Amino acid sequence: METKILKIKTLSDIDISYPCKVIKSGGLVAFPTETVYGLGASASNGEAVDKIFKVKGRAKDNPLIVHVAFVDTLYEIGEVNEKYRKVIEQITPGPITFVIRKKASFPKNVTASLNTVGVRIPAHPVARKLCEYAGPIAAPSANLSGKPSPTDASAVIEDLFGKIECIIDAGNTPFGIESTIIDLSGDIPIILRPGPITIEKLHELFGEVIIPDFVKNAKTVETPKAPGMKYRHYAPEKPVYIFERKNRKKIIEIAHKEKGVILCPKEHKRFYPGDMVVVLGSLENPYTIAQNLFRLLRQIDKMDFQIAYVEKLEERGILFSVMNRLKKAGLEVKL
Ligand code: AMP
Ligand code: MG
């Protein structure tokens with residue numbers, strides 16, 4: 001298939017008539033959001049949605065997020081308790097997905113036959129416009145299943161070129177990790193996936209929130225509340241290990257022997273030999289670490305190193321979400 005790459009130069013002047021046409025006629029478009037690139041199809045077209053699963057190699061029991069432009073559309077799609085509406089209106093559009101009891105009918109494959117649906121109102125101007133004119137759009141991340149999510153168009157091209165109709169290239173995605181997912185279908189909100197909207201912020205917004213063990217420990221679970229939780233995620237082909245900084249001398253030794261690369265924040269670079277270290281971002285502005293993470297995980301496979309050792313980060317704020325992705329990509333080293 002011919003894949004058209006549409007480059008967006010200025011965000012104030014976006015012509016998305018072609019990708020809208022593709023979505024409306026049952027095709028697939030990869031598009032930028034403020035989290036990662038999404039692979040979108042019309043959420044009302046079951047056959048188009050089925051192509052998403054085929055192209056990504058995604059398991060059928062892993063539901064998709066439905067993207068819409070306006071909060072009113074979200075309320076049409078699912079039931080939202082009155083007490084949550086104010087909060088939703090306060091934090092949308094943004095990098096957060098709400099799991100709500102489904103009201104509107106969708107093809108079964110969108111929600112993996114669940115009675116809930118995940119809905120997000122993205123803030124990225126390209127994603128918003130696409131949702132406004134061709135939405136609701138069902139979209140997971142625009143990568144092959146299991147690979148790190150794409151944070152720029154080159155990563156999308158690597159995985160999906162020749163397999164979908166259109167890729168919209170608007171440069172790097174601002175947050176670089178997938179949306180926070182919060183389940184609002186019950187009495188107390190449950191965090192299903194940590195993301196750019198931090199756990200601290202969710203407490204502030206919602207008061208009591210439940211943080212399940214699978215979120216605390218970043219475990220993949222057997223009988224998941226959100227089916228996507230049981231799948232391996234974000235991993236490069238090469239092994240990734242997470243180590244504590246206090247063990248760095250030992251890790252440097254091992255990395256020397258095994259041709260390993262060490263990933264750490266800018267502030268800790270000086271603790272490691274210059275020829276084996278790659279900077280993740282800065283602790284002073286930890287959002288830079290989230291921004292770079294998936295690009296670096298993809299780069300590992302192309303580098304002349306055999307193993308990646310990532311310094312464990314303090315699990316607070318956005319770095320809690322970063323560590324969640326890292327733990328799913330790799331294993332913690334016990335020394
Ligand atoms: P992705 O966009 O590739 O990160 O995948 C979307 C994720 O959203 C899935 O893996 C699920 O964890 C979550 N999700 C979507 N819909 C629901 C739902 N109805 N209930 C729980 N989780 C959901
Ligand atoms: Mg994904």
Side-chain angles (χ1 to χ4, degrees), residues 8 10-16 19-20 23 29-43 63-100 102-104 106 110 116-142 149-151 168-185 189 191-202 204-206 209 287 290-291 317-318 321:
I8 304 278
T10 49
L11 290 177
S12 54
D13 182 26
I14 308 166
D15 180 2
I16 49 148
C20 281
I23 299 254
V29 174
F31 62 97
T33 80
E34 70 275 29
T35 57
V36 300
Y37 275 74
L39 177 61
S42 172
L64 306 179
I65 293 169
V66 175
H67 295 71
V68 300
F70 307 108
V71 76
D72 286 342
T73 321
L74 182 148
Y75 295 151
E76 281 163 25
I77 287 176
E79 266 168 53
V80 181
N81 195 320
E82 202 59 50
K83 66 181 177 187
Y84 297 139
R85 290 193 177 210
K86 247 207 205 125
V87 179
I88 290 181
E89 285 160 34
Q90 196 185 330
I91 49 172
T92 55
I96 182 161
T97 299
F98 308 101
V99 170
I100 50 184
K102 193 171 61 174
K103 241 167 35 180
F106 284 105
V110 174
T116 54
V117 54
V119 186
R120 172 162 165 230
I121 309 174
H124 194 291
V126 172
R128 284 211 87 184
K129 212 162 177 186
L130 208 59
C131 290
E132 188 176 342
Y133 292 100
I137 295 175
S141 48
S149 295
T151 57
I168 308 178
D169 177 358
N172 292 319
T173 55
F175 285 107
I177 57 169
E178 305 87 345
S179 63
T180 300
I181 303 181
I182 189 152
D183 182 350
L184 301 180
S185 66
I191 297 171
L192 298 183
R193 178 169 75 187
I197 304 291
T198 63
I199 293 192
E200 292 86 341
K201 183 76 189 169
L202 294 172
E204 201 183 299
L205 291 163
F206 289 100
V209 290
Y287 278 85
Q291 267 164 15
I318 187 67
S321 311

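Just so it is clear, the model here is predicted, and its values are computed rather than measured.
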Does the side chain of Phe98 come within less than 4.5 Å of Val87's, by heavy atoms? no
Does Asp169 reach the main-chain N or O of Gly171 with its side chain, forming a donor-acceptor pair under 3.5 Å? yes
At their closest point, which heavy atom of Thr35 faces which heavy atom of Pro95, and how far apart are they? CG2-CB, 3.5 Å
Can you tell me how far the CD1 atom of Ile318 sits from the OH atom of Tyr287, to the nearest 0.5 Å? 4.5 Å
Mind checking the CD1-CD1 spacing from Ile8 to Ile14? Nearest 0.5 Å is all I need. 5.5 Å
Any idea which heavy atoms bring Pro93 and Pro122 closest together, and the distance? CB-O, 3.4 Å
Looking at CD1 of Ile96 and CD1 of Ile121, how far apart are the two atoms once the value is rounded to the nearest 0.5 Å? 11.0 Å
Spatial distance of atom CD1 (Ile65) from atom OG1 (Thr33) [nearest 0.5 Å]: 9.5 Å
Between Ile168 and Tyr37, the two heavy atoms sitting closest are O-CE2, 3.0 Å
Tell me, with the steps shown, if Glu132 and Lys129 meet salt bridge (Lys or Arg N to Asp or Glu O under 4.0 Å). CA-CA 5 Å; Glu132 188 176 342; Lys129 212 162 177 186; over 6 Å; no
Any side-chain heavy atom of Ile197 within less than 4.5 Å of one from Ile182? no
Just by distance, do the side chain of Glu200 and the backbone of Gly317 share a donor-acceptor pair under 3.5 Å? yes
Going by atom types alone, do Thr97 and Arg193 pair a side-chain donor with an acceptor below 3.5 Å? no
Nearest heavy-atom pair of Tyr84 and Leu184: which atoms, and what distance? CE1-O, 3.7 Å
If I take atom CZ from residue Arg128 and atom OH from residue Tyr133, how far apart are they, to the nearest 0.5 angstrom? 11.5 Å
Check this for me, if you would: do Arg120 and Glu178 make a salt bridge, where the nitrogen-to-carboxylate-oxygen distance has to be below 4.0 angstrom? no
Shortest non-hydrogen contact between Ile16 and Leu130, atoms and distance: CD1-N, 3.4 Å
When Val119, Ile88, Val80 are each screened for side chain to side chain contact (heavy atoms under 4.5 Å, CB included) with Val71, the one that passes is Ile88
Within the 4.5 Å heavy-atom criterion, are Ile100 and Val117 side-chain neighbours or not? yes
Side chains of Phe31 and His124: does their closest heavy-atom pair fall under 4.5 Å? no
Just checking Lys86: does its NZ atom have more than 12 heavy atoms from other residues, nucleotides or ligands closer to it than 6.0 angstrom? no
Measure across Ser149 and Val36 and return the closest heavy-atom pair with its distance rounded to 0.1 Å. CB-CG1, 3.8 Å
Value for CG (Asp72) from CD (Glu89), rounded to nearest 0.5 Å, stands at 8.0 Å
